[in-house]
Protein chains: 2
Amino acid sequence: MHVDSLKKELKERKYRMTPQREQVLKVFIETNSEHLGAEEVYRYLLSKRINVSKATVYRTVDLLVELGFLRKLQFDEGVYRYELVDKDNRHSHFICNSCGKIYELKDALSPEAVLKDYTELLRTQGFDVKELDVKFRGICPKCSKKGRKEK
Amino acid sequence: MHVDSLKKELKERKYRMTPQREQVLKVFIETNSEHLGAEEVYRYLLSKRINVSKATVYRTVDLLVELGFLRKLQFDEGVYRYELVDKDNRHSHFICNSCGKIYELKDALSPEAVLKDYTELLRTQGFDVKELDVKFRGICPKCSKKGRKEK
DNA sequence: GTATCTGCAAATTATTTGCCGTATT
DNA sequence: AATACGGCAAATAATTTGCAGATAC
């Protein structure tokens, strides 16, 4: 599983495997890769009595991004968030302007698929597209319902 | 032009028109709405010997977002950037992983148009989509050329 | 054994806030 | 005149860094 490939990847790049690195990666696996910020990872570990300093968490998530285990995200709140990279399951996000909840959109009809032609066009213009980031913003179903009752 | 509608909009919402607000908005008009951060707006004004404090710049760009004159952007650098809202000319961005340059993609075949069907699908599921944010990342034409020569 | 890694505390960066005098309406 | 606004400096929030001791290899 993930932890083994971390060991392998670290060795290949002449980094060292440490308990802290394993623990940080495990947080993302155990939480089903919620969109966690560094602070949250730190608190999660604290709550499980696992001692890792905040600086190490910051350094480790950065490293995990570099190694391709995590993806760095931003949702307009002044915090970086991270999620597990899952190559077969790319997804977009829907961010509710009312409650702030972030939904993952994993539908078969992925925006990535829909945008394929446009990405191709960019390539013909010399843009080598490696990544695509699509975010929808608006009001989520829950907030729409609430709004109807309350107002 | 823009400055007049700012006056109008401020009056409607019972805010006041001030020289600082006019100057900040003008920066975005004069620079063709580059993707400026608050600090850059501040420096631009300084360079033109226009005295506005940094705090005011921060407060003003926030206000201009609220009033719908600016759009708040994030490009994964730890800084908020802003651009003029131009309703008839929405665009996506291409961010070069090598030089960091941000390109605006204004092609006729806009991702927004391509994604329309998918947005519609979301609506049927109760997601009221108000905004769409599409970012491409990769290597830009210039860096691709450089890479070929140097490496 | 040695180079990498961690923890701590201090530094840095971007942004926000409180307060008080100033300007707009 | 009343209230909103701006400037300043201090506060806050998130993240980064320097360094000395600890640990993986």
Side-chain angles (χ1 to χ4, degrees), chain A residues 3-4 6-27 35-46 49-67 69-82 100, chain B residues 3-4 6-27 35-46 48-67 69-70 72-82 100:
Chain A
V3 175
D4 292 329
L6 175 58
K7 274 181 197 168
K8 204 178 130 197
E9 196 61 28
L10 287 169
K11 184 168 283 179
E12 261 170 38
R13 309 219 201 175
K14 298 195 176 146
Y15 290 116
R16 289 174 183 178
M17 183 53 164
T18 66
Q20 291 89 338
R21 287 172 180 178
E22 178 170 346
Q23 291 303 337
V24 170
L25 179 56
K26 273 190 180 171
V27 171
H35 309 101
L36 305 175
E39 181 77 31
E40 288 165 321
V41 172
Y42 175 69
R43 294 236 190 91
Y44 182 88
L45 288 169
L46 265 196
R49 303 278 150 80
I50 295 167
N51 268 12
V52 180
S53 74
K54 210 179 278 187
T56 297
V57 172
Y58 276 98
R59 283 188 281 233
T60 304
V61 290
D62 260 14
L63 181 66
L64 292 175
V65 169
E66 194 197 319
L67 298 180
F69 288 81
L70 297 181
R71 185 179 295 124
K72 194 173 184 176
L73 306 169
Q74 253 180 324
F75 296 106
D76 218 41
E77 335 144 274
V79 191
Y80 287 113
R81 298 188 169 280
Y82 301 84
Chain B
V3 175
D4 293 329
L6 175 58
K7 275 181 197 166
K8 204 178 130 198
E9 196 60 28
L10 286 170
K11 185 168 283 181
E12 261 171 38
R13 308 218 201 178
K14 297 192 178 150
Y15 290 115
R16 288 173 184 176
M17 184 54 166
T18 66
Q20 290 89 340
R21 288 173 180 175
E22 177 169 345
Q23 291 302 338
V24 169
L25 178 56
K26 273 191 180 169
V27 172
H35 309 100
L36 305 174
E39 180 76 30
E40 287 164 322
V41 172
Y42 174 69
R43 294 237 192 90
Y44 182 87
L45 289 170
L46 266 196
K48 299 194 85 183
R49 302 278 150 83
I50 296 168
N51 267 15
V52 180
S53 75
K54 211 180 278 187
T56 297
V57 172
Y58 275 98
R59 284 188 280 232
T60 305
V61 290
D62 260 14
L63 180 66
L64 291 175
V65 168
E66 196 197 318
L67 298 180
F69 288 82
L70 297 181
K72 194 173 184 176
L73 306 169
Q74 254 181 325
F75 296 107
D76 219 42
E77 336 143 271
V79 192
Y80 287 112
R81 297 186 169 281
Y82 302 84

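Sequence lines set the chain letters: A, B, ... in the order given, protein chains first and strands last, and positions in each chain run from 1.
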- [ ] Quick one: list whatever passes salt bridge (charged side-chain N to carboxylate O under 4.0 Å, His left out) with A:Arg49, sequence neighbours left out.
- [x] none
Open item on the list: Run the salt bridge (charged side-chain N to carboxylate O under 4.0 Å, His left out) test against A:Lys8 and tell me which residues pass, sequence neighbours left out.
Closed with: none
Open item on the list: Do A:Arg16 and A:Leu10 have side chains that approach each other closer than 4.5 Å (heavy atoms only, starting at C-beta)?
Closed with: no
TODO: Could you tell me whether A:His35 and A:Phe75 have their ring centroids closer than 6.0 angstrom?
DONE: yes
Using a cut-off of less than 4.0 Å, is there contact between a side-chain N or O of [X] and OP1 or OP2 of [N]?
X: A:Arg21; N: D:dA24; result: no
X: A:Gln20; N: D:dT23; result: no
X: B:Tyr58; N: C:dT15; result: yes

Just how far, in rounded Å, is [atom2] of [N] from [atom1] of [X]?
X: B:Phe75; N: C:dA14; atom1: CZ; atom2: P; answer: 16 Å
X: B:Arg43; N: C:dA14; atom1: CZ; atom2: P; answer: 9 Å
X: B:Asp62; N: D:dG6; atom1: CG; atom2: P; answer: 13 Å
X: B:Gln23; N: D:dG7; atom1: CD; atom2: P; answer: 11 Å
X: A:Arg13; N: C:dT4; atom1: CZ; atom2: P; answer: 16 Å
X: B:Leu46; N: D:dG7; atom1: CG; atom2: C1'; answer: 13 Å
X: A:Leu10; N: D:dT23; atom1: CG; atom2: C1'; answer: 15 Å
X: B:Leu63; N: C:dT15; atom1: CG; atom2: C1'; answer: 17 Å

TODO: For the helix from C:dG1-D:dC25 to C:dT25-D:dA1, figure out the bend between the end axes, five pairs an end, and round to 10 degrees.
DONE: 40°
- [ ] Using the side-chain contact (heavy atoms from CB on, under 4.5 Å) rule, take B:Leu36 and B:Tyr82 through it: C-alpha gap first, then chi angles, then the decisive distance, then the call.
- [x] CA-CA 5 Å; B:Leu36 305 174; B:Tyr82 302 84; 5.8 Å; no
Open item on the list: Tell me whether A:Glu22 is salt-bridged to A:Lys7, with the criterion being a basic N under 4.0 Å from an acidic carboxylate O.
Closed with: no
Task: Per-nucleotide protein contact string for nucleotides 18-25 of chain C (B base, S sugar-phosphate only, - none; heavy atom under 4.0 Å) - done: B----BBS
Would you give me the side-chain donor-acceptor pairs under 3.5 Å for residues 55-66 of chain A, sequence neighbours excluded?
unit_1, atom_1, unit_2, atom_2, d
A:Thr56, OG1, A:Ser53, OG, 3.0
A:Thr60, OG1, A:Thr56, O, 2.6
A:Glu66, OE2, A:Tyr15, OH, 3.1

Task: Sequence-distant partners of B:Tyr80, ring-ring contact (aromatic ring centres under 6.0 Å, His included), two or more places apart - done: none
Task: Shortest side-chain distance from A:Lys54, nucleotide among D:dG7, C:dT15, D:dT15 - done: D:dT15
Task: Candidate pair B:Gln23 and B:Lys48, rule side-chain contact (heavy atoms from CB on, under 4.5 Å), full reasoning - done: CA-CA 11 Å; B:Gln23 291 302 338; B:Lys48 299 194 85 183; over 6 Å; no
Open item on the list: Reading DNA chain D from 5' onward, which residue's closest nucleotide shows up sooner: B:Lys14 or B:Thr56?
Closed with: B:Lys14
